Amino acid sequence: MDNDIHNKKWSSSVVKYGKWYLISSILTKGLSILLLPIYTRYLPPHDYGILQTLGSVSAFLPFVLSLSLDSAFGRYFHEDKYSKQALATLYSTVYWFVVGYAIIMLVIAFATSVLWMEDLITVPVWPYAYLTFIPVLFSQLGNLGRTFMQQALETKKSTIVDVISTLINAVISVCLLVFCDLGVISRLLGIAVGSFFMFGFYHLYFVHNGILIKTFSLECLKKCLVYSLPLLPAMMGTWISTLSDRLVIAKYSSLASVGLYSLAVQFGQILYLVGDAITRVIGPLIMSGLIADKDATMNKVRNTSFFILVAMLFSNLMLYVFSEDVVSIFATKQYAAAAVFIPIFGFNYVLGMQQRFPTQIISYKNKTWVISAGCILMALLNLTLNLIFVPIYGYEFSAWASVAANFFYFVWSFAWGQYFEKINYKVIQSLYVTFVFFLLVAVYYYLSHLGLNVYLFYLLKMWFVLLSIVIFAVLYDKNLLYKVVKR
């Protein structure tokens, strides 16, 4: 385990460790996209809507079952990493508490599911509730192990575990869907087995390495809860902002609309693969660097945030250009309407990756109430917009509501991050790059509505892509093209 990760160049750390996150993202989230032709063929929009609505419910459970203690572990990891005994006490205390507390909460969830589940999703409690709720416990315990690996930058190991878990999930899901015609149940069973594998691996691994031991510290638990409990409103706010829209659409539109909407969200996550691979490495670098060398870390944050903004805006532009092609390749015609929403959701990830920099600063300062307050306000804004306008304008409005809510939270986190630690971000350059992005979007929109024949349009599209590459390269570094040509 590298205890001085902050002393290395961030670019070399991103390349060394980020490649494993990228591989993990491509082989996990990317595999889900590659399997969409099978899922959309055997699951009509209504059934796909049921699956995604159940997913929204299961996404609510992690912070109910674990109280966001994995975040607390990630925060205090860098303070305890120099002592194996202290680190083992931290990990074991969180682990055993989550096991006991989550079991109690699951019993309550099963007991109350009959009161709301059938009315909301129109599926019976058995076996849907059990197949949805129980795997969340295993995934949370596995996620604690993954958090350890991420903070230690043991990215190769965590990638291998994630990929194997995803492959198990995919193989079981596809086999049961295609050969046994189990529909939604096939995906739930695949997720359950994949989650159990990840839990089992990390449990055995940390027992073997003396990190998961038979110990429990009330003092350690209190410290972690003081950090994590203020984050719960933030987690719930994030859930409301990103997933409750499916429940609103299911209530006021239809489960078929949920299916179309969710497919667009899933394709929009292509952009998430780009940013997450970088920022998941940078998170531990920032936290470790702020503890050891604050001034140097601030300067690195400034430069890295601008690079990620340029990369994400370019990637989202490409997502817009090829959105219709992506849907036509990976889904059937009945999902074609989802294409227009893909780049809208993609822009949420542009904002989301920029949010990670100030939130790291806020977390370092232990001002987690700021994150919680911002997420609550973001959630209320998103939910209010959905409840007011979805019944009037349909599910299409939810995409724009999510952008408005994410933009609000970006401004909120940026302002508070600057309040706690002023960083000289490249604000003017960032605004200019964003303006050029929207200008290129408008240009492509105009070109796509000229009514050109297919071959001429695709030729024009390729020229547009090449021109965009040049423009964004110059926007990032005006001497970059000169350097490339000179080499």
Side-chain angles (χ1 to χ4, degrees), residues 30 33-34 36-37 39-41 44-45 48-49 245 249 253-254 256-274 310-351 389-390 392-404 406-407 431-475 481:
I33 295 174
L34 291 175
L36 278 175
Y39 295 153
T40 56
R41 178 180 177 183
Y48 197 73
D245 45 12
I249 294 171
S253 184
S254 66
S257 296
V258 175
L260 293 173
Y261 183 87
S262 300
L263 187 76
V265 173
Q266 195 162 3
F267 280 127
Q269 287 180 341
I270 294 173
L271 198 63
Y272 176 84
L273 306 182
V274 178
V310 175
M312 293 294 287
L313 285 174
F314 172 76
S315 300
N316 198 35
L317 180 63
M318 294 300 100
L319 198 60
Y320 173 52
V321 171
F322 294 104
S323 59
E324 292 184 357
D325 305 282
V326 168
V327 173
S328 65
I329 293 172
F330 292 102
T332 59
K333 291 183 178 180
Q334 56 188 335
Y335 288 91
V340 68
F341 302 107
I342 294 175
I344 300 175
F345 291 117
F347 192 73
N348 284 332
Y349 293 115
V350 176
L351 296 172
F389 293 106
V390 167
I392 301 173
Y393 298 107
Y395 76 95
E396 294 88 348
F397 186 84
S398 284
W400 297 107
S402 68
V403 173
N406 274 279
F407 180 74
L431 290 174
Y432 183 66
V433 171
T434 305
F435 170 77
V436 173
F437 164 79
F438 283 112
L439 181 63
L440 289 172
V441 167
V443 169
Y444 183 77
Y445 178 83
Y446 172 77
L447 294 175
S448 64
H449 287 77
L450 288 177
L452 302 174
N453 68 66
V454 175
Y455 299 105
L456 182 59
F457 176 66
Y458 270 92
L459 179 62
L460 189 62
K461 180 186 288 191
M462 291 303 104
W463 278 109
F464 180 84
V465 170
L466 292 174
L467 178 63
S468 299
I469 293 173
V470 173
I471 290 173
F472 275 91
V474 172
L475 288 172
L481 291 179

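Please read these numbers as outputs of a predicted model, since none were measured by experiment.
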Tyr393 OH to Ser398 OG distance, which is reported to the nearest 0.5 Å: 13.5 Å
Heavy atoms from other residues, nucleotides or ligands near CZ of Phe407 exceed 12 (cutoff 6.0 Å): no
Within 6.0 angstrom of Glu396 CD, more than 12 heavy atoms from elsewhere: yes
Sole candidate of Val436, Val321, Leu317 that passes side-chain contact (heavy atoms from CB on, under 4.5 Å) when paired with Val441: Leu317
Residues forming a ring-ring contact (aromatic ring centres under 6.0 Å, His included) with Phe314, sequence neighbours excluded: Phe472
Over 12 foreign heavy atoms within 6.0 Å of CZ, Phe457: yes
Ala399 to Tyr261 - nearest heavy-atom pair and separation: N-CE1, 3.8 Å
Min side-chain heavy-atom separation Asn406-Val403 under 4.5 Å: no
Any side-chain heavy-atom pair of Tyr395 and Phe341 under 4.5 Å: yes
Test side-chain contact (heavy atoms from CB on, under 4.5 Å) applied to Leu450 and Leu447, step by step: CA-CA 5 Å; Leu450 288 177; Leu447 294 175; 3.9 Å; yes
Approximate separation, where rounding is to 0.5 Å, of Ile342 CD1 and Asn316 CG: 10.5 Å
Closest approach of Met318 to Ser468 (non-hydrogen atoms, all atoms of both residues): CE-CB, 4.0 Å
Verdict with supporting geometry, Phe464 and Leu460, side-chain contact (heavy atoms from CB on, under 4.5 Å): CA-CA 6 Å; Phe464 180 84; Leu460 189 62; 5.8 Å; no
Heavy-atom closest contact (Tyr432 atom, Leu475 atom, distance): CE2-CD2, 3.4 Å
Aromatic centroids of Phe347 and Phe438 separated by under 6.0 Å: yes
Within 45° cone and under 6.0 Å: Lys461 NZ/CZ vs Tyr458 ring: yes
pair Val465-Phe322: side-chain heavy atoms closer than 4.5 Å: yes
Shortest non-hydrogen contact between Ala338 and Leu263, atoms and distance: CB-CD2, 4.1 Å
Aromatic ring pairing Tyr444/Tyr320, orientation class (parallel under 30°, perpendicular over 60°, tilted between): perpendicular
Over all atoms of both residues, closest heavy-atom pair of Ile344 and Val340: CD1-O, 3.8 Å
Value rounded to 0.5 Å, distance of CZ in Phe267 from OG in Ser323: 10.0 Å
Closest approach of Ala336 to Val327 (non-hydrogen atoms, all atoms of both residues): CA-CG1, 3.9 Å
Spacing of Met312 atom CE and Thr434 atom OG1 [to the nearest 0.5 Å]: 12.0 Å
Distance, nearest 0.5 Å, that separates CZ of Phe397 from OG of Ser402: 10.0 Å
